[in-house]
Amino acid sequence: MGEVDEKAFKNACNLRFPPEEAEIKALELCSLWQEKLKNPQWYPVKVTTDDKGNPQEILNEDDELLRNLKDEWGDEIYDAVTTAFHEMNEYNPSGRYVVPELWNYKENRKATLKEVINYIFKQLKTLKRKR
């Protein structure tokens, strides 16, 4: 959780650069933004209170880095970076590093413990058959 999606960067760079250069530029840009997300000095969040007086963190749309990113590269990359930031902030706000997470890609959500155990047992069964 908290890793920037490379597909968004590849899609955007394929539109702007020749094919032989696009993948390199996409990886450079993705690495640059992954490092920016790790920087504890940059915190594009503002705290507001809801109706009940509880504090809520929302993304600051006026943040200069995010605004420049959206203007220069578009919504797809902006969404990839903000999603990674939210995930990083949710899972590890103090350290801001990527946390591995088991994922259910079919349903686009975190995998439950039951799903993980079932998957492991299926893998073990296929290994036993091959011997």
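Ion pairing between Glu64 and Arg67 fails under the 4.0 Å rule for side-chain N and carboxylate O.
For the pair Phe85/Val45, a side-chain contact is recorded, criterion being any heavy-atom separation below 4.5 Å from C-beta on. Within the 4.5 Å cutoff, no side-chain heavy atoms of Asn60 are placed close to those of Leu66.
Sorted by first and then second residue, the salt bridge (charged side-chain N to carboxylate O under 4.0 Å, His left out) pairs involving residues 13-33 (not counting sequence neighbours) form an empty list. Residue pairs meeting the salt bridge (charged side-chain N to carboxylate O under 4.0 Å, His left out) criterion with at least one member in residues 68-80, sequence neighbours excluded, are Lys70-Asp75.
Side-chain atoms of Gln34 come within 3.5 Å of backbone N or O of Val4 as a donor-acceptor pair.
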I'd like to know whether Lys122 forms a side chain to side chain contact (heavy atoms under 4.5 Å, CB included) with Lys125, so could you lay out the CA-CA distance, the side-chain angles of the two residues, the decisive distance to 0.1 Å, and finally the verdict. CA-CA 5 Å; Lys122 284 180 186 177; Lys125 287 178 184 177; 5.7 Å; no
List the steps, then state whether side chain to side chain contact (heavy atoms under 4.5 Å, CB included) holds for Val81 with Leu69. CA-CA 9 Å; Val81 170; Leu69 174 70; 3.7 Å; yes
Between Trp42 and Asp63, does a side chain to side chain contact (heavy atoms under 4.5 Å, CB included) hold up when you go through it step by step? CA-CA 10 Å; Trp42 181 57; Asp63 183 74; 3.0 Å; yes
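More than 12 heavy-atom neighbours from other residues, nucleotides or ligands sit within 6.0 angstrom of CG on Leu65.
Between Glu115 and Asn104, the shortest heavy-atom distance links the atoms OE2-ND2, 3.2 Å. Across every non-hydrogen atom of Arg109 and Trp103, the tightest pair is O-CD2, 3.3 Å.
The distance from the CH2 atom of Trp33 to the CD1 atom of Ile77 is 10.0 Å, given to the nearest 0.5 Å.
Connectivity analysis of hydrophobic side chains (ILVMFWY, heavy atoms under 4.5 Å, direct or indirect) links Leu27 to nothing; its cluster partners are none. Side-chain contacts under 4.5 Å among hydrophobic residues (ILVMFWY), followed directly or transitively, place Leu102 together with Leu113, Val116, Ile117, Ile120, Phe121, Leu124. Alongside Ile58, the hydrophobic cluster contains no other residue (criterion: ILVMFWY side chains under 4.5 Å).
Partners of Tyr119 by side chain to side chain contact (heavy atoms under 4.5 Å, CB included), not counting sequence neighbours, listed by chain and number: Gln123.
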